Visitor: 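First the structure, which I've put down as structure tokens, then a few questions once you've had a look.
Whatever order the structure lists ligands and atoms in, that order sets their numbers, starting from 1. Just so we're clear, the structure is a prediction, and the values are computed from it rather than from any experiment. Only this structure's heavy atoms are used, side chains among them; waters, hydrogens and symmetry mates stay out.
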Amino acid sequence: MDRLFVTGGARLEGSVRVSGAKNSALKLMAASLLAPGTSVVRNVPRIRDCAVMGEMLEYFGMRVRLKDGVAELDASEVHDVEAPDELVRQMRASIVVLGPLLARCGRARVSMPGGDEIGARPVDLHVGGLERMGVAIRSEHGFLVAEADELHGASITLDYPSVTATENLMMAAVRAKGITTIDNAAREPETADLAAYLVAMGARIEGAGSSTIAIEGVDELVPAEHTAVADRIEAGTWAAAAVATQGDVTVQNARPEHLELFLSKLADAGADISMSDAGLRIRQVSRAHAVDFVTLPYPGIATDFQPILLAMQATAEGTAIVTENVFEGRFLYTGELRRMGADIRTEGHHAVIRGVPRLSAAPVRALDIRAGAALVIAGLVADGVTEISDIEHLDRGYEDFDTKLERLGAEVWRERELVTLP
Ligand code: UD1
């Protein structure tokens with residue numbers, strides 16, 4: 001397990017280019033199962049989660065070539081429908097193979113998902129929606145086993161606009177007989193990006209990106225080419241790091257229309273935000289002000305921003321109240337921030353954070369992807385050198401994070417753990 005060391009005190013300055021969105025690329029790769037032949041997905045971030053998805057698709061019989069951000073995905077043959085435990089455990093997003101496998105093969109066996117240790121993360125919305133489409137699902141020895149002689153269109157209202165449930169249902173519905181409507185669907189830009197790819201494959205989808213999606217099943221889908229949307233969470237991470245370090249960062253490739261509420265919070269914190277051909281520029285000239293915020297499904301502030309915005313506020317002026325509405329248990333990492341001197345109290349799904357002038361470096365652990373990014377931001381404004389262990393979580397979600405940080409003027413380095421063989 002690698003460790004990342006961050007020296008505090010740097011002011012981030014310069015330009016950084018945002019990679020393709022992990023939460024889009026993973027689904028685009030999985031959707032490629034639907035069309036016999038070779039599809040091409042561009043702007044795939046070089047991160048571990050995408051490599052894991054590639055391995056899983058190969059396990060099903062696909063031929064996958066991932067190089068320089070381009071994924072060539074040959075789904076001419078799909079001979080296995082079991083998503084094995086050792087891969088699913090590494091990444092909860094593996095659940096998105098369920099819909100396409102069912103649509104392509106009429107059956108799927110997916111190990112119950114692992115990945116980030118955040119909250120309960122059940123799969124009832126995936127299961128309930130698929131059942132309405134004629135799928136028989138049972139749980140067997142830690143696997144979800146799903147079978148359908150024929151998928152049929154259905155009218156589905158989700159209790160909650162779950163991102164991956166919406167995507168699984170959409171990917172199953174594109175080959176179902178008749179029309180499927182998904183009400184209270186997720187509106188995330190990555191879900192709309194997936195729909196655009198499916199449409200390029202010949203699917204009929206209307207309303208993606210809104211809370212009602214209508215899908216008319218078709219008899220076949222054909223290979224397509226698509227470029228993954230820019231990663232709004234990565235863009236926001238650089239923006240928040242710029243504010244925390246009182247820096248001046250231009251984020252290239254960022255899509256500000258996907259970051260509206262998030263950016264309005266940075267503006268409230270005192271950031272000067274502008275957009276030009278060079279990218280999204282975030283400039284902070286004095287200590288940030290504390291800002292309250294609430295996480296919600298899109299277009300609300302993403303739960304993935306919660307740790308990042310909290311770390312940004314650890315050294316802000318004033319007190320902020322933060323409400324986490326999406327995942328229970330997503331404040332676990334605040335214990336690590338407290339080790340660094342942050343003044344945070346949590347109660348249920350609320351956190352109260354009182355800004356302190358400076359944090360102090362400490363050995364800390366990255367508990368998940370975004371908690372890892374939060375600790376890096378904290379390390380940048382701490383006295384001394386912060387040592388972050390379990391950094392592989394960060395690598396699951398961010399491409400070239402250390403290199404990008406260094407280019408912005410941060411002093412960071414990595415220590416690789418040497419494995420001693422018996
Ligand atoms: C996706 C993102 C993740 C992000 C999250 C919320 C991917 C690969 N991951 O995760 O980065 O943090 O959206 O924006 O795109 N729920 C149920 N039953 C279900 C499904 C979900 O109760 O069947 C609950 C979850 O426990 C959670 C909430 O719904 O409380 C949101 O989960 P969901 O939108 O499904 O998140 P993911 O799709 O897993």
Side-chain angles (χ1 to χ4, degrees), residues 20-31 44-45 47-50 52-53 56 88 90-99 110 112-132 137 139 144 146 156-171 182 184-194 211 228-229 231-234 236-237 258-259 261-262 294-309 323-331 333 348-349 367-374 393-394 396-398:
K22 163 182 90 76
N23 284 353
S24 186
L26 290 172
K27 290 64 168 291
L28 299 171
M29 290 175 73
V44 174
I47 53 172
R48 241 192 56 209
D49 273 13
C50 290
V52 172
M53 180 57 84
M56 180 151 353
V88 177
Q90 295 180 42
M91 181 177 70
R92 186 188 147 84
S94 321
I95 189 78
V96 295
V97 300
L98 184 60
V110 180
M112 291 295 280
D116 293 343
E117 295 298 329
I118 305 170
R121 301 193 110 168
V123 290
D124 54 309
L125 299 171
H126 302 248
V127 171
L130 289 171
E131 281 176 345
R132 289 189 71 88
I137 304 193
S139 152
L144 276 180
I156 300 164
T157 302
L158 295 176
D159 282 357
Y160 183 92
S162 156
V163 175
T164 45
T166 301
E167 294 167 342
N168 252 334
L169 296 173
M170 203 159 71
M171 288 189 279
I182 309 172
N184 200 21
R187 298 161 63 185
E188 268 68 2
E190 296 77 22
T191 308
D193 200 34
L194 170 64
S211 50
V229 68
D231 194 325
R232 64 197 161 100
I233 310 293
E234 187 199 343
T237 304
H258 295 161
L259 287 160
L261 268 177
F262 174 82
V294 173
T295 66
L296 284 170
Y298 190 84
I301 292 178
T303 173
D304 286 6
F305 281 137
Q306 184 258 101
I308 289 157
L309 276 177
T323 305
E324 170 59 57
N325 285 316
V326 181
F327 287 115
E328 57 182 271
R330 205 168 190 169
F331 284 131
Y333 72 96
H349 61 127
L367 299 182
D368 65 61
I369 301 175
R370 309 304 168 192
H393 282 299
L394 196 77
R396 283 187 38 215
Y398 289 94

Visitor: Taking the side chain as everything from C-beta on, heavy atoms only, tell me whether Y160 gets closer than 4.5 Å to L125.
Guide: yes

Visitor: Does an N or O anywhere in E167 fall below 3.5 Å from an N or O of ligand 1?
Guide: no

Visitor: T166 and E188: side chain to side chain contact (heavy atoms under 4.5 Å, CB included), yes or no, with the steps?
Guide: CA-CA 10 Å; T166 301; E188 268 68 2; over 6 Å; no

Visitor: For ligand 1 and T303, I'd like to know whether there is a polar contact (N/O to N/O, distance under 3.5 Å).
Guide: no

Visitor: If you count the atoms of ligand 1 from 1 in the order shown, which ones are under 4.0 Å from a heavy atom of R330?
Guide: 12 (O)

Visitor: Does some side-chain heavy atom of L144 sit less than 4.5 Å from a side-chain heavy atom of I95?
Guide: yes

Visitor: Do side-chain atoms of T295 reach the backbone of Q306 as a donor and acceptor pair under 3.5 angstrom?
Guide: no

Visitor: Closer than 4.0 angstrom, basic N to acidic O: yes or no for E167 and K27?
Guide: yes

Visitor: If the cut-off is 4.0 Å to any non-hydrogen atom of R92, which atoms of ligand 1 fall inside it?
Guide: 39 (O)

Visitor: Quick one: sort the F305 and F262 rings into parallel, tilted or perpendicular, breaks at 30° and 60°.
Guide: parallel

Visitor: Can you list the ligand 1 atoms lying under 4.0 Å from a non-hydrogen atom of T164?
Guide: 35 (O), 37 (P), 38 (O), 39 (O)

Visitor: Classify the contact between V326 and ligand 1 as side chain, backbone, both or neither, using a heavy-atom distance cut-off of under 4.0 Å.
Guide: both

Visitor: Hey, are R92 and D49 close enough for a salt bridge, meaning a charged N less than 4.0 Å from a carboxylate O?
Guide: no

Visitor: Give the atoms of ligand 1, by number and element, whose distance to some non-hydrogen atom of H126 is under 4.0 Å.
Guide: 23 (O)

Visitor: Tell me the nearest of K27, E190, K22 to atom 15 (O) of ligand 1, using heavy-atom distances.
Guide: K27

Visitor: Examine the proximity of ligand 1 to L125 and report which part, side chain or backbone, both or neither, has a heavy atom under 4.0 Å away.
Guide: both

Visitor: Less than 4.0 angstrom from a charged side-chain N to a carboxylate O is my criterion; do E190 and K22 meet it?
Guide: no

Visitor: Can you tell which of P122, G300, P297, G397 gets a heavy atom nearest to atom 24 (C) of ligand 1?
Guide: P122

Visitor: Is the backbone N or O of V229 less than 3.5 Å from a side-chain atom of D193, with the two atoms forming a donor-acceptor pair by type?
Guide: yes

Visitor: Side chain, backbone, both or neither: which part of M53 comes within less than 4.0 Å of ligand 1 when only heavy atoms are counted?
Guide: neither

Visitor: Pairs of nitrogen or oxygen atoms closer than 3.5 Å, one from V163 and one from ligand 1: do any exist?
Guide: yes

Visitor: Identify, by atom number and element, the atoms of ligand 1 in contact range of A93, meaning under 4.0 Å from any of its heavy atoms.
Guide: 8 (C)

Visitor: If you measure from each non-hydrogen atom of A165 to ligand 1, which part falls under 4.0 Å: side chain, backbone, both or neither?
Guide: neither

